[in-house]
Peer 1: 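If you scroll down you'll find the structure; I have some questions about it.
As the structure lists them, so they are numbered: ligands from 1, and atoms in each ligand from 1. Keep in mind that the numbers below use all heavy atoms, side chains included, and drop hydrogens, waters and symmetry copies. This is a predicted model, so every value here is computed, not measured. Residues: numbered from 1 along the sequence shown.
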Amino acid sequence: MPKLADHVVSMPRSGIREVMDAAWRMQGEVIGLHVGEPSFPTPEHIREGARKALDAGATRYVPNAGIPELREAIAQKLHARNRLEVQPEQIVVSAGGMQALHNTLALMVSAGDEVLIPDPGWPNFAMVVQLLQGQPIRYQLRSENGFQPAVQDLEALVTDRTVAVLVNSPSNPLGTVLGRKDALDLLEFANRNDLWVVSDECYDGITFDQPHLSIGSLGGEAQVVSCFSFSKTYAMTGMRVGYSVLPMELAHNAAKVQEPLISCVNAPAQWAALAALAGPQDVAEEMRKTYQDRRDAAMSVLDQQKIGYLKPEGAFYLWVDVRDRCAGDVSAWALAFLEKRRVAVAPGTAFGPAGEGWARLSLATATPDLLEGCRRLGSFDA
Ligand code: PLP
């Protein structure tokens with residue numbers, strides 16, 4: 001057989017997919033708490049935005065960096081909601097937040113370069129760095145630091161190959177939200193070590209107890225790239241629209257890099273994204289409020305059963321402590337829980353070694369299923 005690329009063959013699969021495949025193989029009903037897929041239909045005015053665009057003939061190539069109307073609307077959103085003062089030219093529209101990360105990291109990572117990524121953290125962070133032939137280096141988010149990045153940990157991991165530090169707030173899987181002091185410390189760390197800060201803010205529209213803070217709004221404009229998504233806030237995951245916000249010099253390169261990656265984002269989907277920003281925001285607020293209600297209801301079921309968890313302040317996940325239930329192998333425990341109690345959850349180790357003994361439950365799943373899944377957790381004895 002002709003040769004395959006080593007770095008792709010050796011790239012591990014997402015550990016969430018393993019549970020997903022096992023759930024799909026099962027006959028009959030399974031409660032799915034393993035994926036972050038909003039249970040809501042995409043709001044009508046957003047679907048209408050795509051339909052109108054199709055009917056108006058928006059089926060041709062558009063600029064690499066996105067349609068001007070959408071980039072203008074995003075710049076206004078960033079000003080109003082993220083306190084990021086940027087020109088539309090600094091925005092590059094991408095195929096979801098995932099491709100914003102890919103496009104951004106492609107500008108920074110040469111073969112062998114290192115990127116600091118959170119542990120636990122979304123599995124795709126390590127995958128995208130490896131796809132670029134870089135080295136993902138995990139920094140631990142520890143409970144004694146409120147699961148926030150600790151500068152002394154980061155400092156110890158920096159080498160002359162380190163090019164960037166990736167932060168994710170609100171965090172998947174932890175639900176933590178970066179505060180001002182930690183954000184300033186991070187900026188100072190990045191500045192001292194001459195590193196890019198890649199800030200994944202794909203859940204910026206979903207916070208509960210404290211507002212979202214964009215690290216780029218605190219300064220460091222020359223070295224912060226922020227990545228956002230329409231997927232979660234507007235329940236439009238399959239539309240695949242996200243964007244990155246970059247320093248001007250980087251933005252020109254990011255637009256150029258879109259050409260060999262995807263050329264441009266699907267045009268009707270971009271018009272749908274514009275409809276999301278231009279239309280009523282109360283639908284997004286209702287969904288956010290529902291996630292908060294689900295969080296509170298799920299926490300109360302877990303409390304009744306004396307199951308520990310980290311109270312999420314944002315995103316839509318609940319990080320549940322199963323250390324005394326899983327005998328040191330949460331991955332096997334999650335498969336057994338699926339098989340015996342018909343509930344799919346994401347094992348913590350899918351998010352890195354620091355996730356051993358923890359499981360992630362998605363609050364994006366409809367309330368009755370979520371609460372039933374939490375009850376079954378209490379009565380499951382592996
Ligand atoms: N970043 C994080 C932390 C995520 O959890 C996700 C999706 O689950 C994304 C980025 C990308 O989402 P999308 O590509 O659908 O915009």
Peer 1: Using a 4.0 Å heavy-atom cut-off, which part of Asn124 comes near ligand 1: side chain, backbone, both, or neither?
Peer 2: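 Within the 4.0 Å criterion, Asn124 makes no contact with ligand 1.
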Peer 1: Do the charged groups of Asp209 and Arg295 touch, with an N to O distance under 4.0 Å?
Peer 2: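 Judged by the 4.0 Å cut-off on N to carboxylate O distance, Asp209 and Arg295 do form a salt bridge.
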Peer 1: Do me a favour and list the nearest non-hydrogen protein atom to atom 8 (O) of ligand 1 with residue, atom name and distance?
Peer 2: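 Here the nearest protein heavy atom works out to Lys232 NZ, 2.8 Å.
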Peer 1: I need the Met299 CE to Tyr309 OH distance, nearest 0.5 Å.
Peer 2: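 Those atoms lie 4.5 Å apart.
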Peer 1: When you check the gap from the basic side-chain N to the acidic O, do Asp204 and Lys77 get nearer than 4.0 Å?
Peer 2: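 Result for this pair is yes, salt bridge flagged.
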Peer 1: Starting at CG of Leu174, measure out to CG of Asn168 and round the result to the nearest 0.5 Å.
Peer 2: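 So the CG of Leu174 and the CG of Asn168 are separated by 8.5 Å.
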Peer 1: Could you walk me through whether Tyr317 and Tyr291 satisfy the side-chain hydrogen bond (donor to acceptor under 3.5 Å, both in side chains) test, starting with their C-alpha distance in whole Å, then the side-chain angles of each, then the deciding distance to 0.1 Å, before giving a yes or no?
Peer 2: CA-CA 9 Å; Tyr317 305 101; Tyr291 297 133; over 6 Å; no
Peer 1: Under the criterion salt bridge (Lys or Arg N to Asp or Glu O under 4.0 Å), I'd like the reasoning laid out for Glu372 against Arg341: C-alpha separation, chi angles, the key distance, then a yes or no.
Peer 2: CA-CA 11 Å; Glu372 178 56 22; Arg341 304 309 314 272; 5.7 Å; no
Peer 1: Identify which one of Asn103, Asn253, Asn64 satisfies the side chain to side chain donor-acceptor pair (under 3.5 Å) criterion when paired with Gln258.
Peer 2: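 Output: one option passes, namely Asn103.
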Peer 1: Heavy-atom distances under 4.0 Å decide this one: backbone, side chain, both or neither, for Phe230 against ligand 1?
Peer 2: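 None of Phe230 does.
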Peer 1: Report, in ascending order of atom number, the atoms of ligand 1 lying under 4.0 Å from any heavy atom of Gly97.
Peer 2: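 Result: 13 (P), 14 (O), 16 (O).
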Peer 1: What about Met98: any of its N or O atoms under 3.5 Å from an N or O on ligand 1?
Peer 2: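 Yes - when backbone and side-chain N and O of Met98 are compared with those of ligand 1, one distance drops under 3.5 Å.
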Peer 1: Among all protein heavy atoms in this structure, tell me which lies nearest to atom 14 (O) of ligand 1, with the distance rounded to 0.1 Å.
Peer 2: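 Scanning the protein heavy atoms, the shortest distance from atom 14 (O) of ligand 1 goes to Arg240 NH2, 2.7 Å.
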Peer 1: Going by the atom numbers of ligand 1, which of them fall below 4.0 Å from some non-hydrogen atom of Cys202?
Peer 2: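 In order of number, 1 (N), 10 (C).
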Peer 1: Does the distance from a Lys or Arg side-chain N to an Asp or Glu carboxylate O, for Asp293 and Lys289, drop under 4.0 Å?
Peer 2: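 Salt bridge: yes.
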Peer 1: Have a look at Asp200, Leu101, Asn168, Thr237 and point out the one with the heavy atom closest to atom 1 (N) of ligand 1.
Peer 2: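 Nearest heavy atom to atom 1 (N) of ligand 1 lies in Asp200.
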Peer 1: Using distance alone, decide if ligand 1 has a nitrogen or oxygen within less than 3.5 Å of any nitrogen or oxygen in Gln99.
Peer 2: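 Such a contact does not occur with ligand 1.
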Peer 1: Counting only nitrogen or oxygen atoms and a 3.5 angstrom limit, does Ser229 reach ligand 1?
Peer 2: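 Checking ligand 1 against Ser229, an N or O pair does fall under 3.5 Å apart.
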Peer 1: Quick check on contacts: which atoms of ligand 1 are under 4.0 angstrom from a heavy atom of Gly96?
Peer 2: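 Those atoms are 14 (O), 16 (O).
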Peer 1: Just one of Leu361, Leu33, Leu370, Val345 clears the side-chain contact (heavy atoms from CB on, under 4.5 Å) bar with Leu318, so which one?
Peer 2: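 With Leu318 as partner, side-chain contact (heavy atoms from CB on, under 4.5 Å) holds for just one option, Leu361.
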Peer 1: Could you find the nearest protein heavy atom to atom 9 (C) of ligand 1 and give me its residue, atom name and distance?
Peer 2: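 Heavy-atom neighbour on the protein nearest atom 9 (C) of ligand 1: Trp122 CH2, 3.3 Å.
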Peer 1: Which atoms of ligand 1 sit under 4.0 Å from any heavy atom of Ser231?
Peer 2: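 The list of qualifying atoms is 13 (P), 15 (O), 16 (O).
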